[in-house]
Amino acid sequence: MPDKILLLPDNIANQIAAGEVIQRPASAVKELLENAVDAGATEIKLIINDAGKSLVQVIDNGGGMSETDARMSFERHATSKITTIEDLFHIKTMGFRGEALASIAAVAQVELKSKKLDDETGTYIEIENSVVKKQEPIAVAEGTSIAMKNLFFNVPARRNFLKSNTAEMRHIVDEFTRVALAFPQIFFSLTANNQQIFHLEAGNLKQRILQLLGNTYNTKLVSVKEDTDYMNIYGFVGKPDTAKKTRGDQYFFVNNRFIKSAYLNHAVMNAYQEMVTKDSFPMYALFIDLDPTQVDVNVHPTKQEIKFEDEKIIYAFVQAAVKHALAQFSVTPTLDFELDASIQQLSSIQQPFTEEKKSAATSGSIFKGFTEKNKAHFIEPTNRSELKHWRDFYESRESGGGSQESGENIQRSMPNAQYSSEVSPIHHSPFTIHETNLVQLHNQYIFSQTPTGFILINQQAAHERIIYDRLQEAAKGKPVATQRSMFPVTIELAPADTILLGDLMNDLQQLGYMIEPFGKNTFVIQGTPADVTQGNEKQVIDFLLEQYKHFSNDLKFSKREKLIRSLAWQQSIKAGRQLSEKEMEALVGDLFKCKQPNASPNGNPTYLEFKKEQLEKMFGV
């Protein structure tokens with residue numbers, strides 16, 4: 001019997017290693033950008049074609065490489081960062097794996113141009129499938145340019161697993177954003193298919209956050225800075241009102257390396273306790289600097305998951321630092337007298353508050369109304385006839401006067417419901433419900449008696465089901481009616497959201513939205529579905545994109561399904577909304593016309609039925 005165990009050829013071993021390091025074009029982007037940072041570059045340019053499938057190129061003005069170093073950089077386990085085992089635990093640079101370039105060369109066609117500052121000529125190397133095809137001197141500027149072409153050309157099965165260009169481009173933008181955030185003092189640019197997406201001038205951290213995440217954060221950032229002997233933490237967190245439905249704008253960096261840590265995220269969320277709702281996620285970009293010996297960054301192939309020597313200390317510091325920053329934000333937004341020197345000249349500031357003035361102030365009716373017990377609501381009338389018309393208005397409301405007009409106004413403002421002037425039993429339900437018996441509970445549930453008991457309808461879940469079914473019909477070829485805006489609205493998005501909206505525009509048009517590109521990162525909203533209230537188009541699109549990204553975490557949904565679910569959630573009436581009688585009638589009527597009225601799109605029940613027998617048993621009847 002021949003021996004069975006053989007050594008793998010180098011090119012196959014490299015392809016296996018590449019599976020850990022290069023999973024998609026964004027993986028190569030991360031490795032190449034980190035190498036450029038380590039080279040001491042002050043300018044780094046990223047060029048992408050076909051979402052990285054045909055080209056990923058990084059050009060930097062760093063230290064460059066000699067002819068020998070350029071060739072050695074493609075060997076497995078080649079590195080300039082580690083000479084002894086102790087060095088592994090003192091790493092402060094970004095790339096140190098020693099397999100990145102070898103892995104890239106194993107699954108792509110690579111061209112490298114590099115020149116050191118003092119050398120007369122540079123080096124050109126061409127590698128394909130781990131084999132050097134060409135190496136020669138070349139006239140080139142100082143620094144390094146490395147181009148990765150035709151990713152996975154020799155591993156077609158891996159190439160077939162890549163997602164759509166839009167999805168892969170979003171991953172590339174994510175990796176670019178993480179590296180660019182970590183080094184605001186470096187110029188970065190990103191060009192995709194000959195169109196520049198990012199042009200980030202060197203500056204400070206706040207400027208870089210606004211460049212990458214959008215100017216909407218301009219007045220919404222709270223500075224975090226705490227220095228201790230053990231560690232330093234600095235950066236920015238968003239004010240509570242910036243919280244979104246997705247985790248997109250959340251960044252942790254340890255020694256300038258982006259990491260993912262559910263543990264530290266929990267620390268930040270605890271600091272926001274009772275400031276944001278449980279299903280909302282505040283923005284943060286926090287940097288932790290500590291001794292490299294206190295952290296192991298090599299526990300995961302992508303180095304995005306790390307292990308701290310003492311996690312509890314880090315957790316406590318992060319939570320305390322964010323809490324402290326938010327507490328200062330809550331207290332310090334007061335009048336800043338330095339903004340206007342004339343305020344200092346006002347008599348109320350200059351003159352002392354004497355006992356005589358104090359006595360006059362405390363004897364007034366306004367002061368007593370706010371200080372005496374049970375008097376805060378009291379209004380002292382000077383002429384009782386002045387209040388007569390208010391009493392008449394209130395009494396007419398209670399006796400029914402004006403209620404019809406009010407109900408019609410609310411009815412018109414409630415989105416996405418078709419109303420009928422006739423009130424009749426609902427025959428599509430599994431039990432007979434009379435629409436005139438509807439009562440709203442806690443502005444969240446609709447109560448209705450049935451012949452055998454009663455049902456409770458969740459108004460938001462029910463409305464989601466109604467909208468979802470209508471949008472499904474629209475997606476199958478019955479477009480939603482569009483209402484053109486008299487004054488089209490221009491919106492500016494963050495670059496990552498620009499890519500996403502561009503991918504969704506055709507589907508949105510089928511669902512009633514008329515949106516057109518209008519230059520870099522800008523769109524014009526020409527029209528919205530006829531049943532969507534006009535005037536807040538920008539907020540509608542922002543919420544839609546956030547909800548779409550929320551659903552994007554679930555891989556079982558198609559792009560159109562995610563979009564329809566996002567719109568159904570966004571346009572539905574929420575808990576806390578008071579409904580008129582006619583609105584409840586229309587909502588319940590439309591619900592039981594749906595093919596599946598008993599469940600919302602995400603599977604939660606739209607209503608619960610309670611039998612009379614259950615009630616009798618509970619009361620021992």
Side-chain angles (χ1 to χ4, degrees), residues 21-22 27-47 55-84 86-88 90-105 108 110-127 132 134-148 175-176 178-191 198-203 208 253 255-258 289 292 297-298 303:
V21 184
I22 310 301
S27 308
V29 167
K30 172 184 182 294
E31 299 291 347
L32 296 178
L33 288 178
E34 288 182 350
N35 282 344
V37 169
D38 286 342
T42 58
E43 292 186 7
I44 300 175
K45 300 174 184 176
L46 173 61
I47 301 170
L55 175 68
V56 172
Q57 183 175 11
V58 173
I59 304 171
D60 69 65
N61 65 347
M65 290 183 282
S66 66
E67 181 182 0
T68 303
D69 285 346
R71 177 63 189 85
M72 284 293 294
S73 65
F74 289 98
E75 295 296 330
R76 286 192 70 192
H77 313 308
T79 177
S80 62
K81 318 289 173 58
I82 301 169
T83 55
T84 66
E86 285 76 19
D87 293 338
L88 190 61
H90 293 83
I91 289 291
K92 286 192 174 181
T93 51
M94 301 294 289
F96 64 88
R97 178 188 310 285
E99 292 183 5
L101 293 184
S103 296
I104 291 172
V110 179
E111 290 182 0
L112 171 72
K113 300 173 184 176
S114 189
K115 176 179 175 294
K116 294 181 71 174
L117 179 62
D118 298 329
D119 290 349
E120 293 183 2
T121 60
T123 302
Y124 173 82
I125 296 179
E126 189 178 313
I127 296 183
V132 177
K134 185 185 293 186
Q135 179 171 347
E136 59 187 20
I138 187 175
V140 67
E142 288 81 7
T144 300
S145 167
I146 183 164
M148 180 192 78
E175 293 293 354
F176 177 87
R178 292 163 183 172
V179 178
L181 259 183
F183 299 95
Q185 72 278 12
I186 299 177
F187 166 88
F188 284 91
S189 70
L190 168 56
T191 303
F198 289 99
H199 182 92
L200 310 177
E201 294 291 347
R208 184 57 54 89
F253 299 86
N255 293 340
N256 277 7
R257 184 188 302 280
F258 171 79
D289 287 344
V297 298
N298 209 27
K303 302 194 288 285

Kindly compute the distance separating [atom1] ([X]) from [atom2] ([Y]), expressed to the nearest 0.5 Å.
X    : Y    : atom1 : atom2 : result
K116 : M65  : NZ    : CE    : 10.5 Å
F198 : F188 : CZ    : CZ    : 12.0 Å
L190 : K45  : CG    : NZ    : 13.0 Å
I127 : S73  : CD1   : OG    : 7.0 Å
I59  : L32  : CD1   : CG    : 11.5 Å
L181 : N256 : CG    : CG    : 10.5 Å

### Task
Look at the side chain of N61 and the backbone N and O of T42, then say whether any donor-acceptor pair between them is shorter than 3.5 Å.
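Such a contact is found between N61 side chain and T42 backbone.
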
### Query
Checking R208 side chain against G203 main chain: does a donor-acceptor pair fall under 3.5 Å?
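Flag not set: sc R208 to bb G203 has no pair under 3.5 Å.
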
### Task
Begin with the C-alpha distance, continue with both residues' side-chain angles, and end with the deciding distance and a verdict on side chain to side chain contact (heavy atoms under 4.5 Å, CB included) for L33 and F183.
CA-CA 11 Å; L33 288 178; F183 299 95; over 6 Å; no

Search all heavy atoms of [X] against all heavy atoms of [Y] and return the closest pair with its distance.
X    : Y    : result
P137 : T121 : CB-OG1, 4.3 Å
A180 : L200 : CB-CD1, 3.8 Å
V58  : A36  : CG1-CB, 4.2 Å
A41  : D60  : CB-CB, 3.7 Å

### Query
When you look at CD of Q185, are more than 12 heavy atoms from neighbouring residues, nucleotides or ligands closer to it than 6.0 Å?
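Enclosed.
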
Taking the side chain as everything from C-beta on, heavy atoms only, tell me whether [X] gets closer than 4.5 Å to [Y].
X    : Y    : answer
I44  : V179 : no
V56  : L46  : yes
T144 : N35  : no

### Query
Taking 4.0 angstrom as the limit, do E67 and R71 come out as a salt bridge?
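Salt bridge absent between E67 and R71.
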
### Task
Decide side chain to side chain contact (heavy atoms under 4.5 Å, CB included) for D289 and N255; before the verdict, give the C-alpha distance in whole Å, the side-chain angles of both, and the deciding distance to 0.1 Å.
CA-CA 5 Å; D289 287 344; N255 293 340; 3.9 Å; yes

### Task
List the steps, then state whether side chain to side chain contact (heavy atoms under 4.5 Å, CB included) holds for V132 with F74.
CA-CA 9 Å; V132 177; F74 289 98; over 6 Å; no

### Query
Does any donor atom in the side chain of T123 or Q135 lie under 3.5 Å from an acceptor atom in the other side chain?
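No pair is found: no donor N or O on one side chain lies under 3.5 Å from an acceptor on the other.
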
